[in-house]
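Data first, discussion second: the structure below is written as structure tokens.
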There are 2 protein chains.
Amino acid sequence: MENKVTPDKNTEMPDLEVLFDLADLFKVFGDSTRIRIMFTISDREMSVLNIAEALKMEQSTISHQLRVLRQNKLVRVRREGKQIYYSLDDDHVKKIIEMGLDHVLE
Amino acid sequence: MENKVTPDKNTEMPDLEVLFDLADLFKVFGDSTRIRIMFTISDREMSVLNIAEALKMEQSTISHQLRVLRQNKLVRVRREGKQIYYSLDDDHVKKIIEMGLDHVLE
DNA sequence: TGTTCATATGATTATGTGTTCATATGTTAA
DNA sequence: TTAACATATGAACACATAATCATATGAACA
């Protein structure tokens, strides 16, 4: 059983700076447009325009949000000719979303 | 090995409403004051004043943020006389934070 | 080179949000 | 009851942020 009380393993408070980084990370997940983008590219990489079309949103809006995702290393970028393809950076990202989904759906 | 490509298990996009709820949930984690509160009460329940003292912040500020945590069912509340004790609602919360920490610390 | 297409970026605007101050609510004990 | 204490709440303000429009950058190809 995993859910028994564990008084030993006391979660020590990380440095303030780490806590700020942590909040900043979750802030990125805290926007529905970015969440939708992440779902959209979770299976396969997609170009900016394709994402915009899939979500029926402005190319500019998507581009702005992709930048946020990029800056936080949540997406991977690959250029091929004129288009730039985005995909999720690693399984980490998926796992964070899944954890959140669990909470929301329960 | 876990990290091989799995083209079958395509993460289906949940309903828009769920995605909004998901973003809203992460929004709650996206504030350093709330993150610090959650760390503060992760080991043991604490009263509002104690939390405020621990974080050297106004009682009012803590109270406002505790309300947000309450509304999102992330904390548990117990009254004992004049004081009200807060603790994390379940291990879920801890796990979400830990996932985030993993990403931040890597 | 000039044109077209895909993406990125800057400025603006509207909206959301965290903190503070002042005060209200509610509990305990005299 | 009243006083003292703990917590919650409302209003105000300062600040952050997402979407939009217009435009810039950069690649491909005639």
Assign each of A:H64 and A:Q83 to its nearest nucleotide of DNA chain C by heavy atoms, then name whichever residue's nucleotide is nearer the 5' end.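 Looking at DNA chain C, the more 5' nearest nucleotide goes with A:Q83.
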
Check the phosphate of [N] against [X], side-chain N and O only, distance under 4.0 Å to OP1 or OP2. Yes or no?
| X | N | value |
| --- | --- | --- |
| A:R79 | C:dA6 | no |
| B:R34 | C:dG18 | yes |
| B:S63 | D:dT7 | no |
| A:Y86 | C:dA6 | no |

Taking the side chain of [X] as its heavy atoms from C-beta onward, which of [options] lies nearest to it?
| X | options | answer |
| --- | --- | --- |
| A:L49 | C:dG26, C:dG18, C:dA6 | C:dA6 |
| A:K27 | C:dT17, D:dT17, C:dT9 | D:dT17 |
| B:S60 | C:dT17, C:dT20, C:dT7 | C:dT20 |
| A:Q65 | D:dA18, C:dT20, C:dT7 | D:dA18 |
| A:K82 | C:dT7, D:dA8, C:dC5 | C:dC5 |

Specify whether A:F26 and B:F26 have parallel, tilted or perpendicular ring planes, treating 30° as the upper limit for parallel and 60° as the lower limit for perpendicular.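 Parallel: the ring planes of A:F26 and B:F26 meet at under 30°.
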
Exam field: side chain [X] to backbone [Y], donor-acceptor pair closer than 3.5 Å:
| X | Y | result |
| --- | --- | --- |
| A:R34 | A:K27 | yes |
| A:D15 | A:E17 | no |
| A:D90 | A:H92 | yes |
| A:R79 | A:G81 | yes |

What integer distance in Å separates [X]:[atom1] from [N]:[atom2]?
| X | N | atom1 | atom2 | answer |
| --- | --- | --- | --- | --- |
| B:E53 | D:dC5 | CD | C1' | 13 Å |
| B:I62 | D:dT9 | CD1 | P | 15 Å |
| A:E45 | C:dT7 | CD | P | 12 Å |
| B:L69 | D:dT7 | CG | C1' | 15 Å |
| B:R78 | D:dA6 | CZ | C1' | 15 Å |
| B:R70 | D:dT7 | CZ | P | 12 Å |
| B:I51 | D:dA6 | CD1 | C1' | 13 Å |
| B:I37 | D:dT7 | CD1 | P | 13 Å |

Just verifying a value: how many Å separate A:I51 CD1 and A:I62 CD1, rounded to the nearest 0.5 Å?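 Between atom CD1 of A:I51 and atom CD1 of A:I62 there are 6.5 Å.
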
Starting from the 5' end of DNA chain D, give me the residue, A:T33 or B:Q59, whose nearest nucleotide shows up first.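 Result of the comparison: B:Q59.
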
5' priority, DNA chain D, between A:E80 and A:D31 [closest heavy atom]: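 Per heavy-atom nearest nucleotide, the more 5' residue is A:D31.
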
Partner nucleotide of [N] by Watson-Crick or wobble geometry (both distances under 3.5 Å):
| N | answer |
| --- | --- |
| D:dA19 | C:dT12 |
| D:dC29 | C:dG2 |
| D:dT7 | C:dA24 |

If you look at every strand shown and take non-hydrogen atoms under 4.0 Å, does A:Y85 touch a base, only sugar-phosphate, or nothing?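 No contact.
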
